[in-house]
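Protein chains get the first letters and strands the later ones, always in sequence-line order, with residue 1 at the start of each.
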Number of protein chains: 2
Amino acid sequence: MTVSKTSEKSSEKPADTAKVRKDAAEVQGQASGEALQLGELSEQLGYVLKRAQLKVFENFLRCMASLQLTPAQFSVLLLVEKNPGRNQTEIASTLGILRPNFVAMLDNLESRDLCARIRSTNDRRSHILVLTDKGKAVLARAKKLVATKHEARLNELLGQSNREALLGMLSKIANEF
Amino acid sequence: MTVSKTSEKSSEKPADTAKVRKDAAEVQGQASGEALQLGELSEQLGYVLKRAQLKVFENFLRCMASLQLTPAQFSVLLLVEKNPGRNQTEIASTLGILRPNFVAMLDNLESRDLCARIRSTNDRRSHILVLTDKGKAVLARAKKLVATKHEARLNELLGQSNREALLGMLSKIANEF
DNA sequence: TGATAATTGTTATGGACCATATCAAATATC
DNA sequence: GATATTTGATATGGTCCATAACAATTATCA
């Protein structure tokens, strides 16, 4: 196999061997217009999981357009409502949010008068988080939107029992994987 | 209710009303050490879905540590192997990757000699994508790692039939939601 | 008690990922 | 053959995520 000067110019890329070019020549012009085959990709849990998650978030944002709440913001409001009086570190960490990144989130929610930081009397380093009246009202409306537009869509697509089974399996993965 | 000068300094935040401070005073010092209640959060599909996805990706990265392949890179290699001779636009779009963002990804894979861009003879604008021999070998090893370490873990956690049901529901969400 | 360590909220910063506008080269359209 | 479209690429900005560092406050403990 006379390979004339394995590298004519030193600017060639690592993959630029004769073998690859030969392989490529064999598939040149094949499969012009046809749809691509997903192949094993559609069996990869991570792939399907990620795509499903994107779709769900996308739908969530559409349902919440009138309230301008992201999934993360919604989760903060839910958690603060359920656990009033906790500080930023506690709320952030149970949501998997790092404290530095939680600051801007709270700045946003507080500027919209949805929740408030109150200096704790026990530990004057920390801020206690509470929903404002407006925050409670907005969250109530958000819950209704989620239930009627978002989760309802899921039930309609999967059926009640399947939806519950799905949630159970995802919880198991989230907690025990 | 005599509220002495509703706003002493104009620098007060919107949420700084007497009502919120009163509400906060009632929960000060409650629930010091106890664990937080997730409440309705654990029933929110989006929340559980996102957390599960993070766990799965995390595990995937650990399993692939020896090959240094991210989920996205793995999906590219899988798709190029199944569809050799397609161009960047086709591969990227079926993966939901925007063309500009696909360039750096390919630069990476190509610099590691896992795949190659070959100028198409049909349309000299486009690059045909092919796996190199090394790319094929690495992908083969990656598939084995995924099967024995990653997906096996899932089967062990959920059981074979549940794992298939999960995949089916996620596909349905990804495609029909 | 007082010196030292740890914690809380915060800022600054950098990386990874995602999205848009724009460009030159090549091709398609008419 | 003039114009529009497509392809890969660059530049750029936004969002999210992660780490280091800091002042104020609190905990530790010698």
The nucleotide from C:dG9, D:dA11, D:dA18 with an atom nearest the side chain of B:P100 is D:dA11
Ion pair check, A:R112 and A:D107, cut-off under 4.0 Å:
no
If you compare all heavy atoms of A:C63 against all heavy atoms of A:L145, which two are closest, and at what distance to 0.1 Å?
O-CD1, 3.5 Å
Could you state the CE-C1' distance from B:M105 to D:dG8, rounded to the nearest angstrom?
16 Å
Nucleotide C:dA26, atom P - distance to NE2 of B:H127 in whole Å:
11 Å
With a 4.0 Å limit, can you tell me whether A:R117 has a side-chain N or O closer than that to the phosphate oxygens OP1/OP2 of C:dT10?
yes
Look at A:S126 and C:dT7 and indicate whether a side-chain polar atom (N or O) is within less than 4.0 Å of OP1 or OP2.
no
Of C:dT8, D:dA18, C:dC18, the nucleotide closest to the side chain of A:L98 is D:dA18
Roughly how many Å is it from CG in B:N87 to P in D:dT6, rounded to a whole number?
13 Å
Between A:I97 and A:T121, the residue closer to the 5' end of DNA chain D by nearest nucleotide is A:I97
With nearest nucleotides of DNA chain D determined for B:Q88 and A:T70 from heavy-atom distances, which residue corresponds to the more 5′ nucleotide?
B:Q88
Output the rounded distance in Å from CD1 (B:I91) to C1' (D:dT7).
15 Å
Rounded distance in Å - CD1 (B:I128) to C1' (D:dG8)
14 Å
When the distance from CD of B:E90 to P of D:dG8 is rounded to whole Å, what number comes out?
8 Å
Measure from CG on B:N108 to P on C:dG15 and round the result to the nearest Å.
16 Å
Is there a donor and acceptor pair closer than 3.5 Å between the side chain of A:R124 and the base of D:dT25?
no
For B:C115 and B:L131, the nearest pair of non-hydrogen atoms, with its separation, is CB-CD2, 4.0 Å
Heavy atoms only, 4.0 Å cut-off, all strands: where does A:D123 land among base, sugar-phosphate and nothing?
sugar-phosphate
Closest to the 5' end of DNA chain C, once A:R125 and A:L54 are matched to their nearest nucleotides, is A:R125
Could you check how far CZ of B:R99 sits from P of D:dT5, rounded to whole Å?
16 Å
Could you point out which residue of B:R86, B:Q88, B:E110 forms a side chain to side chain donor-acceptor pair (under 3.5 Å) with B:H127?
B:Q88
Heavy atoms only: give me the nearest A:F74-A:A142 pair and the separation to one decimal.
CE1-CB, 3.8 Å
